[in-house]
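Written out below as structure tokens is the structure these notes cover.
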Amino acid sequence: MNAAGVRMVVTRARSRGTGASLQGGGEKAAPLRSGEAAAEGRKSYGPMKRQRKARRLSVAYEASEGEKGEGPEHLQAPSWEPQDWRQQLDNIRTMRSGKDAPVDQLGAEHCFDPSASPKVRRYQVLLSLMLSSQTKDQVTAGAMQRLRARGLTVDSILQMDDSTLGALIYPVGFWRSKVKYIKQTSEILQQRYGGDIPASVAELVALPGVGPKMAHLAMAVAWGTVSGIAVDTHVHRIANRLRWTKKATRSPEDTRRALEEWLPRELWREINGLLVGFGQQTCLPVHPRCQACLNRALCPAARGL
């Protein structure tokens, strides 16, 4: 474990009348910035007049937040992984080779204006993700087209009254709440980020109306950084049906943590779009098309059909 990825805390029992402590640390720079190790400071003490018996040191290591999942322990083979998952994944890739699901044409990476400045494109990516919650891709794409026709920037949204914004995004799910969240988030972006969006998951999820799935997708699409697996209702459902979690999970966040424990990191970016499209076309929430699925013999949920 390197110095930039961990914080080492060394403690020594304090002797009577005298004592010494050592502390050093390193913290990884925020995403999208070049890695810089924080400067380490050390205190030195003069020699004691009397030699004392050396005391045993207690050393503890704490992974910094930016390095979680990237230390040496992550490079080791996982202690558990699902049976037949590689064959299941290859079969899903085969079934998704046509790239003709709604997410392939109308997902967040297709909703922004490619001719806009990078800062505006990133803002539009975030807005499309906020609109997509509990909403079909077709409806989200339609709302984004109407917004872009009016000039979709932080300033244009803040100058727009709530009723106009609501009419433009309707009928996305929970559109009234999203009007409020979009206005609040746009105000924060203008005041704190110069109209851009944050470049870290922690800052993104702190924005009104932005959840973990949106944050990880925003990092991947807007910033080109893989920060984690984006788990929505499709990924959550399919992972449980295939038993890609050690035990059944109750929420997308639980599923994300379970998947990240064993799924190789090089697959994290691919897995969302792959499973979302599979869930839209084959592994449906109700009446899944198991008869047409290449994983029928390998899927625990399909056995016996």
Side-chain angles (χ1 to χ4, degrees), residues 68-71 73-110 129 132 136-137 201 211-221 224-305:
K68 288 179 181 178
E70 297 181 359
E73 69 279 1
H74 184 71
L75 301 179
Q76 299 174 359
S79 58
W80 177 89
E81 63 180 28
Q83 184 179 5
D84 300 321
W85 74 269
R86 292 187 183 276
Q87 183 60 55
Q88 291 168 340
L89 183 61
D90 286 342
N91 288 340
I92 293 173
R93 286 196 183 107
T94 299
M95 290 183 281
R96 291 279 289 113
S97 60
K99 298 290 183 181
D100 51 0
V103 69
D104 299 313
Q105 310 299 326
L106 306 172
E109 62 269 32
H110 304 290
L129 291 169
S132 70
K136 291 184 177 180
D137 288 332
V201 171
K213 180 209 77 171
M214 303 177 204
H216 288 301
L217 280 176
M219 290 296 296
V221 178
T225 299
V226 178
S227 56
I229 300 174
V231 177
D232 68 351
T233 182
H234 294 291
V235 179
H236 173 60
R237 177 179 71 254
I238 294 167
N240 276 275
R241 284 179 175 175
L242 291 174
R243 306 278 174 85
W244 280 9
T245 59
K246 196 170 184 178
K247 60 181 180 179
T249 54
R250 295 186 176 183
S251 71
E253 264 300 275
D254 289 340
T255 300
R256 179 187 65 80
R257 287 188 286 266
L259 289 175
E260 289 179 0
E261 286 181 358
W262 66 267
L263 189 68
R265 193 178 181 90
E266 62 267 20
L267 300 176
W268 287 12
R269 180 164 189 162
E270 174 193 20
I271 205 69
N272 175 266
L274 199 63
L275 295 190
V276 169
F278 180 56
Q280 290 175 337
Q281 293 181 310
T282 305
C283 198
L284 306 175
V286 181
H287 305 305
R289 297 167 180 166
C290 298
Q291 298 291 344
C293 181
L294 297 179
N295 282 327
R296 183 186 174 190
L298 299 175
C299 176
R303 289 171 186 163
L305 295 179

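We're numbering straight along the sequence, starting at 1. Predicted model only: the values in this text are computed from it and were never measured.
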Query raised in the report: Which pair of heavy atoms, one from R243 and one from W80, lies closest together, and at what distance?
Result: O-CH2, 3.8 Å

Query raised in the report: Do R241 and C283 have side chains that get closer than 4.5 Å, going by heavy atoms?
Result: yes

Requested in this report: With the side chain counted from C-beta on, respond yes when I271 and L259 share a heavy-atom pair under 4.5 Å apart, and no when they do not.
Outcome: no

Requested in this report: Determine whether the side chains of D137 and Q105 contain a donor N or O and an acceptor N or O closer than 3.5 Å.
Outcome: no

Query raised in the report: So do the side chains of L217 and D232 get within less than 4.5 Å of each other, counting heavy atoms only?
Result: no

Report task. Can you spot which of Q281, Q280, E109, H234 makes a side chain to side chain contact (heavy atoms under 4.5 Å, CB included) with V103? Result -> Q280

Requested in this report: Would you mind reporting whether S132 and K213 have side-chain heavy atoms less than 4.5 Å apart?
Outcome: yes

**Report entry** For the student: nearest non-hydrogen atoms of G279 and L284, plus distance
**Finding:** O-CD2, 3.4 Å

Query raised in the report: What are the two closest non-hydrogen atoms of A239 and T255, and how far apart are they?
Result: CB-CG2, 3.8 Å

Query raised in the report: Closest heavy-atom contact between E260 and G228?
Result: OE2-CA, 3.2 Å

Report summary line: The single option from R96, R265, R93 that satisfies salt bridge (Lys or Arg N to Asp or Glu O under 4.0 Å) with E270 is R93

Report task. Among N240, T233, V235, find the one that has a side chain to side chain contact (heavy atoms under 4.5 Å, CB included) with R237. Result -> T233

Query - Intermediate values then yes/no, side chain to side chain contact (heavy atoms under 4.5 Å, CB included), L129 and V221 - result: CA-CA 10 Å; L129 291 169; V221 178; 6.0 Å; no

Query raised in the report: Do you know which two heavy atoms are closest between H236 and T249, and how far apart they sit?
Result: CE1-O, 3.3 Å

Requested in this report: Indicate yes or no: at least one non-hydrogen side-chain atom of N272 is less than 4.5 angstrom from one of I229.
Outcome: no

Query raised in the report: Would R257 and E253 pass as an ion pair if we require N to O under 4.0 Å?
Result: yes

Query raised in the report: Could you go step by step and tell me if T282 and I92 meet the side chain to side chain contact (heavy atoms under 4.5 Å, CB included) rule?
Result: CA-CA 10 Å; T282 305; I92 293 173; over 6 Å; no

Report summary line: Of all heavy-atom pairs linking W244 and P82, the shortest is CA-CG, 3.6 Å

Query raised in the report: Hey, are the side chains of E261 and K246 touching, using non-hydrogen atoms and a 4.5 Å cut-off?
Result: no

